[in-house]
Each structure stands twice: as C-alpha cells, then as structure tokens.
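Every heavy atom of this structure was used, including side-chain atoms; hydrogens, water molecules and symmetry mates were not. Remember, predicted model here, so these are calculated numbers, not experimental data.
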Amino acid sequence: MTTYREFHRRSIEDKEGFWAEQAKLVHWERPPVKVLDYRRPPFARWFVGGETNLCYNALDRHLGARGDQKALVYISTETGEEKSFSYRELHLEVQRAAAMMRSLGVGKGDRVVVYMPMIPEAAFVILACARIGAIHSVVFGGFAAASLAARIDDARPKLMVTADGGSRMGKVVTYKALVDESIRLAKHPPGKVVIFRRGLDPSMKTVARRDLDYAELRANHMNAQVPLTWLESNEPSYILYTSGTTGRPKGVQRDVGGYAVALAASMKHIYCGGAGETMFTTSDIGWVVGHSYIIYGPLIAGMTTVLYEGVPIRPDAGIWWKIVQDHKVNVMFSAPTAIRVLKKHDPAFLRKYDLGSLKHLFLAGEPLDEPTHAWIAEALGKPVIDHYWQTETGWAILSSVPGVEKTPIKLGSPSFPAYGYDLKLLREADAAEAATGEKAVVAIAPPLPPGCMSTVWGDDERFVKTYFGTFRNKQVYSTFDWGIRDADGYYFILGRTDDVINVAGHRLGTREIEEAVNMHSNIAECAVVGVADSLKGQMPLAFAVAKDATRLNSAEGRKALEREVMETVDKQLGAIGRPKAIHFVTLLPKTRSGKTLRRSIQALAEGRDPGDLTTIEDPAALEQIRNALST
Ligand code: ATP
Ligand code: MG
C-alpha cells in the first residue's frame, strides 16, 4: 500500500500543499488567502479569507451540467410515497424555503432548529439555511421533549421547523406535539414554528401567531430567487449535538469551507462517488452521517442521493437491496446495527435483487464484529468497508481509501488513518506512543483536518478541556476510544475508554469480549458490561440475542447454550474474559442511532438508576434486561 501511505504522509507533512489541492474540488467565490491558520492551538482555521457557500456547491454549481439529473430520490415505505427532484427542482424548492425563512426574519448567523422526519422538506430547509447563512441545528426525531428543550436552550433558535408527524414501523410519531412540549420546557424558545403538514396527526394543535404552515408560506414564494450569502470559510455552518451516549451532549460546531472541502475530497477518495452516480445512505438526517452523506457530500459531488424513510425489514428484509437495484445505487453507507438486524433474516433476500451497480458498502457507528463483517461481505459479494468516525470529525478518521488505493480489507478493522489525520495510539498513563499490538487511546495530533468541529457551540473552553485535556503533558485530541494497531498497520477499535472492564487487574475492552461471544454461530448480537465483583473487582456480564431461539425454550437448553458460548470465549480470548453469566434476550437496549446503551445496562446490573433514556429505541429492551437480571 505504498500509494496510500505516500498520500497520507503528504497530507501530514505538507498539510497546506495537500489541502490547497483538495480545495480545488469546491467552488470559491473568493479564494482563500491562507490554507491553515494555527496560531491559536488547538483551534485550527482552514482556508482563511476564502468565501464559499455549501448550498451553492451542492446545487447551483451543478445546474448547468446536470440540471435535469435527479438530485434527490425520496422513498418512504412508511407512507408508500416515492418522489424525485432534479437538481433544478431541488434548487427551486430550496429557494422557496429560503425565501420563506427570510420573510420570517431569519438571516445570517441566526439558528434554526430542525426537528423533522425523513422527508424532502427537511433537506429543503437544511440547504436553505446554508444558502442564507443561517445556522441549522437538526435534532434527531427520536429525542424526547426534555432533550429537545435542552438543545433549544443551548442553540437559542429564532425559528423551528417541524412536521405534524413522522411514522416508524407504521406507527405515527407526533413531532409537533413534542415540539410544543419542548417549547413549554425551554427557557429560550423560538418566536416562530413552521409546520409541514403530512396529514399524519389530524388532532395537531397550533398556537396562534407562533405557528405557521409550510405549504401556505411556500405558496407566497413560488418564484423566489434568493441570492447566496457568501460566507468566510470559518464562519459556522451548523451545530449538531453528539448522540449523548457518554453524557451531556456537546454542540459540535462546524465551519463552511473546511467542511465543503473535506466532503468533496472524501466523496472522491473514500466513497469513489462520481457525478451522475447514486448514493444511498441509510442513516437519519438528524445524525452526522445524514448531514455529511445524505445531504451535503453526494450533492457536492453531483450525485443522486436517496432519502429513505422506513426500516430495513419492512415490507421485508429485501427492501434496501430492491432500492439498490431499482435506483442503480453505486455507493451505499449503513451501520453495523442494521446489518445485525438483517443477519437475523434469510440472506436469500440479498440474492433476490440485481446489485450489479453497487461498488462498496460502507459501515460506521459502532464496532463491526468479525462475524457480521464476514456475513455481509459474503452475502453481498462486494467489498464491505468498515470506517470509524465521530460527530466531532464530520467524516472518517479511519478508513480504507479505495479511491487512492484498493488495499485489502481485514475483517473487523476500519483499516488505516484517513489522510489529514495524524493519528496516535497513546498510553493512558504517560501519553507515550503504544507499541504494535498494544491497546491504547486513539488520539489525533492537532491541528484537526478540515471538516472537523471548530469548537463547542458557545463554549471554547469546553472544547479545549473536553477534547484536548486527557493527557497532562500533551495537547492532543482524544477520541475516548481504545484501539490497537497490528503489524500490518491496520487499526482495530476496542470500544470506549469508559467501557473498560478491570478483571483482577486485567483490563479488557467490552468490545473484545463481545467479539468473542459473537464468534458462537448461534449469536446474532450481544452487549457486554462490567459489573462490580467483590473478588475480582469487576466481572463481565453478557446479554445476547440468539439467532435461533428454539433452544432457549427450556432451562437446560439455555444452560447448554450459555456453556457453549462461554467455551467460545475461553477459546477466543482466554478464561479471563469469560462472562460471569450470559443472559438471553430478544432485544438489546440501543439508542435510536443504533448504539448499545452499555452504561444503562451496567447501571441496572449494579442496581443503580439507568440514567437518561430519552434516546432509547425501545424501552421494552431495558425491561428484558431487568427481568433477565432478576431471574
Ligand atoms: P457522545 O459523544 O455524546 O457520548 P457518541 O460518542 O455516541 O455520543 P457519535 O459521535 O455519534 O456520538 O459516535 C461516535 C462513536 O461511535 C465513536 O467514538 C466510536 O465509539 C463509535 N464508532 C463509530 N464508528 C465506529 C466504527 N467503525 N468502529 C467502532 N466504533 C465506532
Ligand atoms: Mg462521542
């Protein structure tokens, strides 16, 4: 892999030269005067003095060459709707939305909180904000009123945009009612709320003078032409709160120019997505993956992006592959948690459709265990690329970079540091660099590359303290994840630094044990947590979902499977990692973004309060953990 190694080396040793070249991938209304300003570490300012606009790069720039090409394909298996918008049509809708917001007094620097389901109007509003220099803060539709209120109070929006409702698994979720509740709880509520009515909540109530109707406003601006607001590269484009898996969410602030360049470069080098091709990212617009790779990335690249409202198994587990076939998807991006769901279904669903157009499947969000990686790669017959990133970085930190060199994939590994990232594995105790095969903290030597967060919204001090304060003697960005690097230079992520179990002085990552449990052929997925143990300090405890649950119907069957799984762990990891017990459940508690709520499981196992559960996908999962623990 000399080609990629060289590419990466240059990105670190000649940062300004490397990124000046990448910056040519986007339009600059006024070119940058300096590529990098790093006079105030750890704050990095990229493409200083350059002026650009994300909406221009995503839409206007393509109108000449591809005005009639599809820009956005909307598919809802919830409502049965399917619609597409050409670049010209999308441009028009975005102008209408922009004019509508301007008529409500929204301008440059004003915040707009978007709390919307996966519908095209969400994309219109997001791109319209970018057009007029307003700062969007999209909040994932799964968050409860209190979580939304906390985000409102932090972002202090002038305007909120929502819909009457969303739909999940055929059940209506009343977005607007939740917005009302959050505004009641908020100290700094917005003056106006715009509602897109889908007719999903007929009992929706409105508040006079505050609530406005999207369709009515739109009708006033059918021929709107809203000029672009050119922004200096380092002005904020958006705020996005982290998932909150590990605590109080942080308002990740992103810039304009660095983000545009990082996305354009990643579309070319990582995703191999070219103009005229199609990308299908199965995430939600409320998550960073949705921002970068449902909306901005593919549009900046001149691709068609698929916006899918629905779940991967309705009407059946073949729906995604049908979309790939029908829309000739070239690049697909999903999450391990979704693949584990599909793994419980017949792989024949994958073979039923023509997947000839598909080049790669990318996955991110959680550790991708080896058996799941092997299963999906085999079922698809395509390269499946695990890549690792965070809300904070906006794009991949570790990835295979097939646009530069097609390096072999190792199962369970997100390959190598992406170009631009000066990645370090540092020992927790003294920040010294770890040896090959030694578990250490994944850290990034600043400056962070373009696209990464510029600060915590309204709180520079929290940015420095939280992310750069892990090591006393070294100012480096901590990811708060454990990793190792093997002799070939491949990285493996072993879980979060606060997910470590200390068994009789041996430190084990929950991920390592989970990997071992997953090696048993009848385990679909599992969660391992450490629980206090008077003898050993801590002991691992496993909660597992079986693929074939018939054996679990009898107590003997359960015991036998538990024993087998323990033997598998002994073989894979050694008896030191053997869980104290393995509880079988049919569902694991996860956030709506698919992250296992290990902290809550651990709290329950130790008889403590499970904490903030507003992002939980299905509360029944926690009930199962409770029941399993009490038997
Ligand atoms: P918070 O920071 O608020 O607690 P969060 O960390 O869950 O929330 P995200 O930014 O959505 O918020 O998630 C990033 C984390 O997800 C990473 O730090 C890592 O733990 C995990 N992750 C993402 N991709 C991968 C991957 N490919 N392999 C392993 N872990 C991954
Ligand atoms: Mg995090």
Student: Short question: side chain of Ser415, backbone of Ser399 - any donor-acceptor pair under 3.5 Å?
Tutor: no
Student: Can you list the steps and then say if Val252 with Met453 is a side chain to side chain contact (heavy atoms under 4.5 Å, CB included)?
Tutor: CA-CA 6 Å; Val252 167; Met453 73 190 293; 3.5 Å; yes
Student: Heavy-atom distance under 4.5 Å between the side chains of Phe7 and His269, does that happen here?
Tutor: yes
Student: Could you walk me through whether Tyr421 and Tyr388 pass the ring pair (Phe, Tyr, Trp, His ring centres under 6.0 Å) check?
Tutor: CA-CA 12 Å; Tyr421 288 93; Tyr388 159 79; 9.3 Å; no
Student: Take the angle between the ring planes of Phe43 and Phe463 and call it parallel below 30°, perpendicular above 60°, tilted in between.
Tutor: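 Phe43 and Phe463: tilted rings.
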Student: For Ile239, does its backbone N or O pair with a side-chain atom of Ser137 as donor and acceptor, under 3.5 Å?
Tutor: yes
Student: List the steps and the verdict of side chain to side chain contact (heavy atoms under 4.5 Å, CB included) for Ile313 and Leu342.
Tutor: CA-CA 7 Å; Ile313 49 168; Leu342 293 176; 4.2 Å; yes
Student: Counting C-beta onward and ignoring hydrogens, is there a side-chain heavy-atom pair between Glu89 and Lys83 closer than 4.5 Å?
Tutor: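 Counting from C-beta outward, Glu89 and Lys83 never come under 4.5 Å.
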Student: Between Phe362, Tyr296, Tyr419, which is the residue that forms a ring-ring contact (aromatic ring centres under 6.0 Å, His included) with Trp395?
Tutor: Tyr419
Student: Quick one: do Arg598 and Glu366 make a salt bridge, cutoff under 4.0 Å?
Tutor: yes
Student: Could you state the interatomic distance from CG (Asp255) to OH (Tyr238), rounded to the nearest 0.5 Å?
Tutor: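 If I round to the nearest 0.5 Å, the distance is 9.5 Å.
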Student: Backbone N or O of Lys250 within a donor-acceptor pair of the Thr242 side chain at under 3.5 Å?
Tutor: yes
Student: Is the backbone of Ala524 close enough, under 3.5 Å, to the side chain of Arg340 for a donor and an acceptor to pair up by distance?
Tutor: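 Side chain of Arg340 to backbone of Ala524, a donor-acceptor pair under 3.5 Å: no, none is there.
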Student: Is any side-chain heavy atom of Thr282 closer than 4.5 Å to a side-chain heavy atom of Pro312?
Tutor: no
Student: Any heavy-atom pair between the side chains of Leu425 and Val442 that's under 4.5 Å?
Tutor: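 Yes. Closest side-chain heavy atoms under 4.5 Å.
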Student: My understanding is that only residues two or more places apart in sequence, or in another chain, count here; which of them pass salt bridge (Lys or Arg N to Asp or Glu O under 4.0 Å) with Arg511?
Tutor: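 Testing Arg511 for salt bridge (Lys or Arg N to Asp or Glu O under 4.0 Å), a comparison that skips the adjacent residues, returns Glu515.
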Student: Roughly how far, to the nearest 0.5 Å, is CG of Asn330 from OH of Tyr271?
Tutor: 15.0 Å
Student: Less than 4.5 Å apart, side chain to side chain, heavy atoms only: is that true for Val256 and Phe47?
Tutor: no
Student: Side chain to side chain contact (heavy atoms under 4.5 Å, CB included) for Tyr259 and His291? Distances and angles first, verdict last.
Tutor: CA-CA 11 Å; Tyr259 188 51; His291 284 60; 3.8 Å; yes
Student: Classify the angle between the aromatic ring planes of Tyr308 and Phe280 as parallel (below 30°), tilted (30 to 60°) or perpendicular (above 60°).
Tutor: perpendicular
Student: How would you list, by chain and number, every residue that makes a salt bridge (Lys or Arg N to Asp or Glu O under 4.0 Å) with Lys343, sequence neighbours excluded?
Tutor: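 Once residues adjacent in sequence are excluded, Lys343 has no partner under the salt bridge (Lys or Arg N to Asp or Glu O under 4.0 Å) criterion.
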Student: Can you tell me how far apart CD1 (Ile295) and CG (Leu72) are? Round to the nearest 0.5 Å.
Tutor: 8.0 Å
Student: Please report whether the ring centroid of His62 lies less than 6.0 Å from that of His91.
Tutor: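 Aromatic pair excluded; centres sit 6.0 Å or further apart.
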Student: Output yes when a side-chain donor or acceptor of Asp68 lies under 3.5 Å from a complementary backbone atom of Arg88, and no otherwise.
Tutor: no
Student: Just checking Glu16: does its CD atom have more than 12 heavy atoms from other residues, nucleotides or ligands closer to it than 6.0 angstrom?
Tutor: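 More than 12 heavy atoms, drawn from other residues, nucleotides or ligands, come within 6.0 Å of this atom.
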Student: State whether the number of non-hydrogen atoms from other residues, nucleotides or ligands found under 6.0 Å of Lys322 atom NZ is greater than 12.
Tutor: no
Student: Taking NZ, NE, NH1 and NH2 as the nitrogens, is one of them in Glu525 or Lys590 under 4.0 Å from a carboxylate oxygen of the other?
Tutor: yes
Student: Could you please spell out the steps behind the ring pair (Phe, Tyr, Trp, His ring centres under 6.0 Å) verdict for Tyr490 and Phe416?
Tutor: CA-CA 6 Å; Tyr490 284 78; Phe416 320 111; 4.5 Å; yes
Student: Looking at CZ of Phe471 and CD of Glu428, how far apart are the two atoms once the value is rounded to the nearest 0.5 Å?
Tutor: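 Atom-to-atom, Phe471:CZ and Glu428:CD are 7.0 Å apart.
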Student: Would you mind telling me which of Tyr241, Phe333, Phe140, Trp389 makes a ring-ring contact (aromatic ring centres under 6.0 Å, His included) with Trp287?
Tutor: Phe140
Student: Angle between ring planes, Tyr467 versus Tyr477, binned at 30° and 60°: parallel, tilted or perpendicular?
Tutor: parallel
Student: Which heavy-atom pair separates Lys70 from Thr304 by the least distance, and what is that distance?
Tutor: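 For Lys70 versus Thr304, the nearest heavy atoms are O-OG1, 2.7 Å.
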Student: Would you give the length of the straight line joining atom NE2 of His8 to atom CG of Asp422, rounded to the nearest 0.5 angstrom?
Tutor: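 One gets 7.0 Å once the value is rounded to the nearest 0.5 Å.
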Student: If you look at every heavy atom in Ile119 and Leu307, which pair is closest and at what distance?
Tutor: C-CD2, 3.4 Å
Student: Would you check if Ile75 and His327 make a side-chain contact, meaning some heavy-atom pair closer than 4.5 Å?
Tutor: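 Yes. Closest side-chain heavy atoms under 4.5 Å.
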Student: Could you tell me whether the side chain of Asn53 and the main chain of Leu231 form a donor-acceptor pair under 3.5 Å?
Tutor: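 No, Asn53 side chain to Leu231 backbone: no donor-acceptor pair under 3.5 Å.
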Student: How close do Arg254 and Thr391 get, heavy atom to heavy atom, and via which atoms?
Tutor: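 Minimum heavy-atom contact is NH2-O, 2.8 Å.
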Student: Does Ser266 reach the main-chain N or O of Ile270 with its side chain, forming a donor-acceptor pair under 3.5 Å?
Tutor: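 Side chain of Ser266 to backbone of Ile270: no pair is present.
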Student: Report the distance from atom CG of Asp488 to atom OG of Ser413, rounding to the nearest 0.5 Å.
Tutor: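 Those atoms lie 10.0 Å apart.
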Student: What donor-acceptor contacts under 3.5 angstrom involve side-chain atoms of residues 350-358, with partners at least two apart or in another chain?
Tutor:
{"residue": "Asp354", "atom": "OD1", "partner": "Gly356", "partner atom": "N", "Å": "2.8"}
{"residue": "Ser357", "atom": "OG", "partner": "Val329", "partner atom": "N", "Å": "3.3"}
{"residue": "Ser357", "atom": "OG", "partner": "Val329", "partner atom": "O", "Å": "2.7"}

Student: Restricting to non-hydrogen atoms, name the atom on Tyr74 and the atom on Ser76 that form the minimum distance, rounded to 0.1 Å.
Tutor: OH-CB, 3.3 Å
Student: Specify the closest pair of heavy atoms between Lys547 and Ser521, including all atoms of both residues, with the distance to one decimal.
Tutor: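 In this case the closest contact between Lys547 and Ser521 is NZ-O, 3.0 Å.
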Student: Would you name the heavy atoms of Pro336 and Leu368 that are closest together and state the gap between them?
Tutor: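 Looking at all heavy atoms of both residues, the closest pair is CB-CD1, 4.0 Å.
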Student: Name the one of Asp60, Thr52, Leu59, Leu54 that satisfies side-chain contact (heavy atoms from CB on, under 4.5 Å) with Leu228?
Tutor: Asp60
Student: Could you walk me through whether Glu370 and Asn518 satisfy the side chain to side chain contact (heavy atoms under 4.5 Å, CB included) test, starting with their C-alpha distance in whole Å, then the side-chain angles of each, then the deciding distance to 0.1 Å, before giving a yes or no?
Tutor: CA-CA 8 Å; Glu370 230 184 283; Asn518 284 332; over 6 Å; no
Student: Is there a side-chain contact between Glu512 and Lys439 (heavy atoms, below 4.5 Å)?
Tutor: yes
Student: A side-chain contact here means heavy atoms from C-beta on lying under 4.5 Å apart; do Glu6 and Glu405 qualify?
Tutor: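 A side-chain contact under 4.5 Å is absent here.
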Student: Side chain of Gln475, backbone of Phe468: donor and acceptor closer than 3.5 Å?
Tutor: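 No; judged by distance alone, with no hydrogens or angles, the pair does not exist.
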Student: Between the side chain of Trp28 and the main-chain N/O of Ala23, is any donor-acceptor distance below 3.5 Å?
Tutor: yes
Student: Do Ser292 side-chain atoms and Gly297 backbone N/O form a donor-acceptor pair below 3.5 Å?
Tutor: no
Student: Does Lys359 have more than 12 heavy atoms from other residues, nucleotides or ligands lying within 6.0 Å of its NZ?
Tutor: yes
Student: Can you tell which of Ile294, Leu90, Val73, Thr281 makes a side-chain contact (heavy atoms from CB on, under 4.5 Å) with Thr305?
Tutor: Ile294
